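What you see is a predicted model; the values in this text were computed from it and never measured. In what follows, chains are A, B, ... by sequence order, proteins preceding strands, each numbered from 1.
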Amino acid sequence: MKKPNKVTICLTIMALAGTLLAGCSGNNNNGGNTTTNTTEPANTTTNTPTTEDTTAPDPNTPVDGGNLVISSFSDIISVNPIYVSDTASGDIGSFLYANLYDYNRGGDIVAEPWSLAAELPAVSEDGLTYTIKLKVEAKWNDGTPVTADDVIFTFDTIRNPESASPGISSYDKIDTMTKIDAQTVAIKLKQIYSPFLYSLPVAIAPAHVLKDVPLPELQKNPYGSDPAKTVTNGPWKWTEWKNGQYITLDADPNYWGSKKPHIQKITYKIYADQNTEIQALIKGDVDLTQAVPLPMLETVKANEGLNVILAPGPQYEYLAFNFKDDNFASKVSPFKGMKTRQAVAYAINRQGMVDNILKGTGTPLNAPFLPGTWADPGDAATAYNYDAEKAKALLAEDGWVAGSDGILAKDGVKFSFELQYNAGNSRREQVAAVIQQNLKDVGIEVKTKAIDFAAWIDQNVTPGKFEAILLSWSLNSPDPSSNESIFSSAYFPPAGQNVGWYKNEKLDKLWIDGYSTADQAKRKEIYAEAGKEISTDLPYVFLYQYGLPEAHKKTIKYAEEDRPESSLAYGYFFHAINWWIAAE
Amino acid sequence: MSDTAAPVTVKGVKRAVSERPPGLWKTGWKKFSRNPFAMAGLVIVTLFVLSAVGARWIAPYDPAQIDMMFPNLPAGSEGHLLGTDELGRDIFSRLIYSSQISLLVGFSVAIVAVVIGTFIGAVSGYFGGWVDTIFMRFVDVMNAIPLLFLNILILTIFGSKFWYMILILGFTGWMGVARLVRGTFLQLREMQYVEAARAIGVSDWGIIIRHLLRNASAPIIVNATLMVGGAILSESALSYLGLGVQPPDTSWGLMLSNSREFMLVDPIQAVYPGLCILIVVLSVNFIGDGLRDALDPRKKAFKPRKGLGK
Amino acid sequence: MTEYLIRRTLQSILVMLLITVVTFILIHAAPGGPKQIYLSPNLSPEAAERQAANLGLDRPLPVQYFDWLGDLLRGDLGYTFKNNLPVGDLIWPTVGNTMILMGAAWLLSLIIAIPWGIYNSTREYGFSDQTASFIAYVGFAMPSFWFGIILQELFALKWDLLPLSDMWSMGKEGDIGDLLMHMVLPVSVLTLGFLAGYVKYARSSMLEVLDQDYIRTARAKGLGERRVVFRHALRNALIPVITVLGLDLPILVAGAALTENVFNWPGMGRMFVQMATQREYSVLMATTILIAFFVIIGNLIADILYAVVDPRVKLGRKGGASA
């Protein structure tokens with residue numbers, strides 16, 4: 001869910017292994033500044049994965065043509081911007097749709113030549129009204145112009161519960177939207193909400209195609225799953241979807257932007273699992289893989305034809321507790337004691353995970369704020385360094401007593417829970433195994449369970465039906481206000497993303513205070529307080545921030561300013577519109 | 001087999017037990033012990049079973065013991081005969097503990113399938129009529145559905161629990177036994193000794209259990225043995241697809257599945273569990289074939305004749 | 001003969017119906033029932049109720065069954081849960097792909113197995129016979145996916161001689177040469193599996209025939225061995241082989257599921273496993289039923305062929321027809 005929603009939030013659950021973010025924000029930042037824009041659809045017959053186009057003499061001059069083969073191990077569900085919620089659909093959406101706004105490398109909102117908006121939004125004096133101006137030339141690929149109606153339709157649909165859009169929380173602060181002229185829309189908020197800006201780098205759905213579809217049926221509409229019926233407005237258009245096998249996109253010869261894409265064809269190839277995916281990369285069948293599983297990283301790095309891009313990303317992994325008693329067989333959540341949760345945090349060897357599982361591609365994290373940003377509470381947050389003895393002491397203080405089998409119990413209920421995570425993610429499998437072992441050492445029984453990602457999100461995570469989960473969030477925007485929808489008791493499932501049913505009134509209030517003021521110094525203070533509170537009360541055990549190694553063939557070329565950016569959602573395709581493929 | 005086996009029991013019924021001539025089992029063992037493949041299989045399977053039973057004492061480490069200080073040690077490292085995996089778990093210990101699950105599944109499934117198959121086959125063959133018709137249609141149904149697909153479907157619906165898998169593999173694997181038992185019973189029930197038993201008032205179930213089943217036991221055992229191998233393979237396939245054994249339990253199939261990730265780095269990790277499966281299934285099949293040769297009287301008559309023929 | 005055909009056909013239809021019943025019951029026996037399976041947990045209770053009514057899940061089971069059966073008979077296999085795609089669109093393309101793979105492996109193993117088995121029957125326990133039985137043992141005991149992985153590692157990655165996975169190279173869809181290259185490894189894996197059984201089977205079937213009195217008579221007449229084998233024995237030896245072919249159909253399809261997954265072959269087996277992980281029950285049900293249907297047709301054809309080839313069937317089968 002998350003794609004559209006992106007309020008600053010982004011919560012993206014990271015799917016698979018490496019994969020990424022399910023989506024949050026806008027992605028599709030393509031762009032850049034390269035020189036030529038000759039785009040004659042050179043539609044070369046794409047034979048080999050990499051293109052040929054033998055005529056390019058200088059490898060640093062962009063050439064048009066070529067087929068970029070991207071691997072994935074999950075298929076798309078729907079590219080309809082109102083419903084995109086999984087990484088694969090978000091990936092494809094990032095090529096098919098122009099965003100209203102885009103991010104630059106630093107995570108600021110900008111109107112790029114390929115963005116739909118002509119300029120940055122104008123914010124009124126009172127901070128309530130945002131006026132957005134679209135480019136006159138922006139067109140859907142059926143020739144209809146992109147207008148204010150499309151923007152209004154999209155946001156209205158997402159915020160209407162009837163549509164069951166996952167992005168609802170990003171737009172629930174909207175009061176009214178007014179069409180000023182065909183290209184201009186004014187959005188008035190109900191209250192000051194400084195992070196609203198980050199709800200704007202998103203793709204827009206075509207009102208002229210969808211406006212007559214009853215909202216409850218919108219999700220099942222072929223728009224988004226049938227290439228022929230999916231009208232888009234980005235540099236590439238959707239040509240084919242072979243279910244479970246591949247998706248192909250072609251550069252759109254009628255694309256409205258002043259910059260045209262160099263790469264003529266994109267193939268999104270679906271593999272049975274990540275192992276096959278990486279083997280195909282090494283073999284040369286695939287040009288780009290967004291996330292190389294860590295065990296294979298060395299092998300991929302050693303391959304001379306491949307570039308590996310590795311930097312910490314905007315995501316962190318966590319162990320979430322469930323506070324709702326109904327989810328446990330004993331009808332009592334064992335996680336209710338704060339000391340118990342702290343004990344769990346002490347018992348888990350986070351540094352060991354970072355060193356051995358992440359191979360140094362991550363750092364431990366104590367609170368849900370992107371390290372290094374203004375909101376990072378730093379030392380104000382409590383750090384839980386691995387200490388099994390301290391964990392045991394805390395558990396004893398909280399009333400847990402070891403039974404004859406060595407497992408702790410309180411009031412006749414054993415301390416035993418099921419830890420769920422998604423199947424096929426080797427990092428998470430390993431982390432789950434370490435947690436299981438670490439907690440066993442202090443007398444807590446953990447049963448691990450791997451479930452297919454999509455089914456798991458649908459059936460366990462979104463409705464908040466689990467005992468404990470191992471998952472990650474991606475922090476798409478440097479603004480920490482997104483934490484409200486994850487930790488506030490106003491956001492319980494199924495509508496909200498506080499899937500662990502965590503309630504802390506102090507925090508509930510701090511989150512609201514945090515976005516209701518425009519005074520930056522005050523905000524910093526508030527978030528420092530929130531960081532301290534959340535790291536003490538521990539709705540999650542925050543594990544670590546980490547990066548996903550992206551790998552691509554060296555024949556994929558881009559200017560320095562267009563290189564992939566690990567810290568952005570979909571940053572592995574950053575400015576892909578400016579990339580080109582050199583002859584091998 | 002029935003023709004030869006039957007007279008033995010006929011005599012058995014009439015004479016005192018102690019006077020029984022050297023029976024099927026005794027001559028069978030003699031033949032079996034002279035078959036080098038079957039004997040080798042027996043020795044190997046026995047070794048595997050012993051190590052599985054004694055895993056606690058044989059395995060040098062706890063198979064789930066994570067040691068992040070020593071991941072990915074090569075085979076022959078000090079203290080780790082076959083090295084360690086990505087989490088520093090001892091591969092040799094994991095193989096031994098995996099054998100517990102793999103063998104348990106193999107034998108349990110064979111037992112479940114044989115019990116169900118024997119019951120259905122016996123009832124069908126003995127009573128015939130509409131009972132037979134119904135059961136045999138059911139066999140047709142089960143045979144028409146590809147079992148791997150059916151297993152995947154059921155495990156997907158009901159969840160992957162270890163003992164579900166045993167039941168499911170058992171409930172979908174009994175058809176061969178059922179047909180075999182039914183076929184045998186169809187022949188046997190016409191025998192004179194059955195009529196004699198009936199005449200002296202032995203109940204239907206008494207006849208089925210005490211007389212018919214005993215005579216059908218040789219082929220059933222052969223079949224069950226061969227089924228053990230099939231069940232081990234099925235378990236490994238399901239676990240490989242992620243639908244079978246779930247961590248922290250481990251099985252050879254699951255180890256194989258995990259090792260795929262390390263194919264590029266350490267392909268040898270995929271070799272050990274695969275070899276274990278191959279060796280055990282091969283051994284079990286040798287035993288099964290050995291039993292068949294030893295217990296199937298037709299075979300005895302068959303061979304010499306063939307020798308003449310050519 | 002006609003009576004036999006009719007009876008056999010009716011039986012097949014009955015079995016087919018039973019399979020739909022079994023599948024239907026399975027889905028309805030799932031914990032939480034079909035609502036758990038068909039409805040998104042995101043829905044509010046009222047919305048779920050409405051959706052259940054839309055899907056007809058609140059009606060009596062027999063009504064639901066016959067409705068569903070009616071849809072099946074009309075060729076409507078249902079829609080996927082996640083994105084409402086017609087299930088048939090997902091399944092049909094994979095059927096052909098699986099058939100290409102399996103057909104090739106099957107033909108290849110027959111072409112090798114029958115002559116080899118026959119040859120072995122004339123040279124019992126010779127080197128060739130021993131080799132065949134070694135292959136048979138190993139073929140039966142080796143996990144096919146393991147063999148596949150090892151072939152990939154060696155031939156595709158280490159020596160770079162053959163494609164690693166997939167059916168076509170990118171951009172070469174339709175190029176037969178490319179397809180053949182991609183088929184080498186998976187077909188080898190599958191062929192080994194089939195070969196094992198077929199050689200043994202052809203051999204023992206031939207031996208049995210050679211043991212018959214009429215063959216001895218033929219030999220006694222002074223016919224050459226070659227003539228005995230080819231003119232008299234072969235035809236009869238092939239009869240049971242044909243039956244096995246029909247009975248083997250389920251193994252054909254199911255056996256490919258693992259191989260397809262290892263080699264990323266876009267066939268039914270891979271699709272099935274993918275859909276199982278996504279909990280797309282309507283696809284799983286339809287696929288299961290469809291395969292069962294193929295299998296039953298296969299068996300029916302095998303039986304009919306059997307009856308045509310072997311006139312004794314009419315009598316011989318009467319007793320054991322239902323077995």
So which of Val273(C), Leu284(C), Ile19(C) has the largest heavy-atom pair count under 4.5 angstrom toward chain B?
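Option with the greatest count: Ile19(C).
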Per-residue contact mode, [X] against chain B (heavy atom under 4.5 angstrom):
X	answer
Ile289(C)	neither
Val15(C)	both
Phe140(C)	both
Thr287(C)	side chain
Ile149(C)	both
Val262(C)	both

So which part of Ile277(B) gets closer than 4.5 Å to some heavy atom of chain C, the side chain, the backbone, both or neither?
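Contact with chain C involves both backbone and side-chain atoms of Ile277(B).
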Please state whether the side chain, the backbone, both or neither of Leu241(B) comes within less than 4.5 Å of a heavy atom of chain C.
side chain
Looking only at side-chain N and O atoms, does Arg8(C) offer a donor or acceptor that is under 3.5 Å from a partner on Ser12(C)?
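Yes, a side-chain donor-acceptor pair sits under 3.5 Å.
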Can you give me the closest heavy-atom contact between Ala132(C) and Val199(C), atom names plus distance?
CB-CG1, 3.6 Å
Highest number of heavy-atom pairs under 4.5 Å with chain C: which of [options]?
options	answer
Ser283(B), Pro273(B), Ala237(B)	Ala237(B)
Ile232(B), Leu243(B), Asp289(B), Val284(B)	Asp289(B)
Leu282(B), Val139(B), Ile279(B), Val280(B)	Leu282(B)
Ser236(B), Gly183(B), Gly242(B)	Ser236(B)

Kindly say whether Gly253(B) contributes a backbone atom to a donor-acceptor pair with the side chain of Ser257(B) at under 3.5 angstrom?
no
N/O donor-acceptor pair under 3.5 Å between Glu260(C) side chain and Gly269(C) backbone
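Present.
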When you look at OH of Tyr164(B), are more than 12 heavy atoms from neighbouring residues, nucleotides or ligands closer to it than 6.0 Å?
yes
Kindly indicate whether the side chain of [X], heavy atoms from C-beta on, has any atom under 4.5 Å from the side chain of [Y].
X	Y	answer
Phe147(C)	Leu151(C)	yes
Phe171(B)	Ile116(B)	yes
Thr250(B)	Val245(B)	no

With a cut-off of 3.5 Å and sequence neighbours excluded, list every side-chain donor-acceptor pair involving residues 148-158 of chain B.
from, atom 1, to, atom 2, distance (Å)
Asn151(B), OD1, Thr172(B), OG1, 3.2
Asn151(B), ND2, Leu147(B), O, 3.2
Thr156(B), OG1, Ile152(B), O, 2.4

